[in-house]
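Let me begin by presenting the structure, written as structure tokens, before commenting on it.
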Amino acid sequence: MPELPEVETVRAGLARELVGKKVKAAPVSDGRSTRRHPSAKDFRALLEGRTVKSVERLGKYLACALDNGSHLVIHLGMTGQLLKAKNAKVPKPKHTHVVLQLSSNEEIRFADQRTFGEMFVSLPVGEGEEVPISRFARLAIGGNGLNLRSRVRELAHLGLDPFEDQVGWDRFVAITRSRHVPLKALLTDQEILSGLGNIYADEVLFSAGLRYDRPCDELTTVEARRLHRTIPEVLSEAIKAGGTTLSDEMFVDLEGAPGRYQNQLQVHTREGEPCPQCRTPIERVVFRDRSTYFCPRCQS
DNA sequence: CAAAATTCCTGACTGC
DNA sequence: TGCAGTCAGGAATTTT
């Protein structure tokens, strides 16, 4: 459930708490969270003793640059949480799978009930090594060779990030015409656009006045431009509100505080409630095995 | 090749 | 009270 606004909220917290600190030890109690490494030992060996230089975000991924050129990459999956603790004595939350023990004696705990999330250390890209970048990511990277995609090979496949890669409407319109899928499938395909998930795809489509099942290559130029403009508008409002915490209370920031954007959702999780624009009841349909909420009157 | 379906996972909730 | 069934969905993998 963490999507771009939630991940950005966590990034800002990590930038405050982690930058300049050394990871003394990183014990792993559930290897599923470090599954990209052959064993938890390998993960620990690559991370322990390293100092964090910066914390970046691309799509729903976090990448902490380390002092030897590696990156600690984190994805929260559905239920992943990063929680700060003053010291090791503070009781660990349920489902804590990895603990970053810092030189300050503080800890960052990674808890993840459903284990869809992960952490891994990405080794530096060698000199002259070419990282294969997808067609859509190439549109995003432009002439920027310092882009995170070229420094972290595991993130090279990610499509346009609405904030990290700001493409003009003409390029965006071309992207909407490059595939023939329902609009919501386009918005949530991380290899085309990165950062949108089920919640914000619904919210963006409502704000743009477009139905989830419109074929993406049949939008008029005016409609595609409206969509292009709406994406960063909705996401930046959600970031301002600290992200969305639904009733499962799975998303919290580093301090354990929930977001506030759930109070501003226009349609998502609001089945049967009146549309904020026209008072028509919001509908819920199952689309591609996921819930989709929309206004049948305002969205076409 | 693109698009759609399946799989992973656990806790909350529903109905009997 | 217990218990089987259902639901939630990000992304890798498999199938069409």
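Excluded from the calculations below are hydrogen atoms, water molecules and symmetry mates; all remaining heavy atoms, backbone and side chain alike, are included. A note on names: the letters A, B, ... follow the listed sequences, proteins ahead of strands, and every chain is numbered from 1.
At B/dC1, none of the side-chain N or O atoms of A/Arg179 fall inside 4.0 Å of OP1 or OP2 (strictly under the cut-off). OP1 or OP2 of C/dA8 lies within a sub-4.0 Å distance of a side-chain N or O belonging to A/Ser291. Between A/Gln190 and the phosphate of C/dA11, there is a side-chain N or O to OP1/OP2 separation shorter than 4.0 Å. For the pair A/Arg114 and B/dT7, the criterion of a side-chain N or O lying under 4.0 Å from OP1 or OP2 is not met. Under 4.0 angstrom from either OP1 or OP2 of C/dA11 there lies at least one side-chain N or O belonging to A/His75. When the side-chain nitrogen and oxygen atoms of A/His95 are compared with OP1 and OP2 of B/dG11, one or more of them lie within a distance under 4.0 Å.
With distances taken from any side-chain atom of A/Gln113 to the nucleotides B/dA3, B/dT10, C/dG10, the minimum falls on B/dT10. Side-chain proximity of A/Arg290 to the nucleotides C/dG10, B/dG11, B/dA5 is greatest for C/dG10.
A salt bridge does not link A/Arg11 to A/Glu56: none of the charged side-chain nitrogens sits closer than 4.0 Å to a carboxylate oxygen. Note on A/Arg153 versus A/Glu129: salt bridge recorded, some NZ/NE/NH1/NH2 to OD/OE distance being below 4.0 Å. Between A/Arg177 and A/Glu218 there is no salt bridge, since none of the side-chain N atoms of the basic residue sits less than 4.0 Å from a carboxylate O of the acidic one.
Nucleic acid contact for A/Tyr61: sugar-phosphate only, since backbone atoms but no base atoms lie under 4.0 Å from a heavy atom of the residue.
The interatomic distance linking A/Leu76 (CG) with C/dG10 (P) rounds to 12 Å, in whole Å. Between A/Ile74 atom CD1 and C/dA11 atom P the separation is 15 Å, expressed in whole Å. Distance, A/Gln81 CD to C/dG10 P: 16 Å, rounded to whole Å. Rounded to a whole Å, the CE atom of A/Met78 is 18 Å from the P atom of B/dT7.
Distance check, rounded to the nearest 0.5 Å: CG of A/Leu227 to CG of A/Leu210 gives 6.0 Å.
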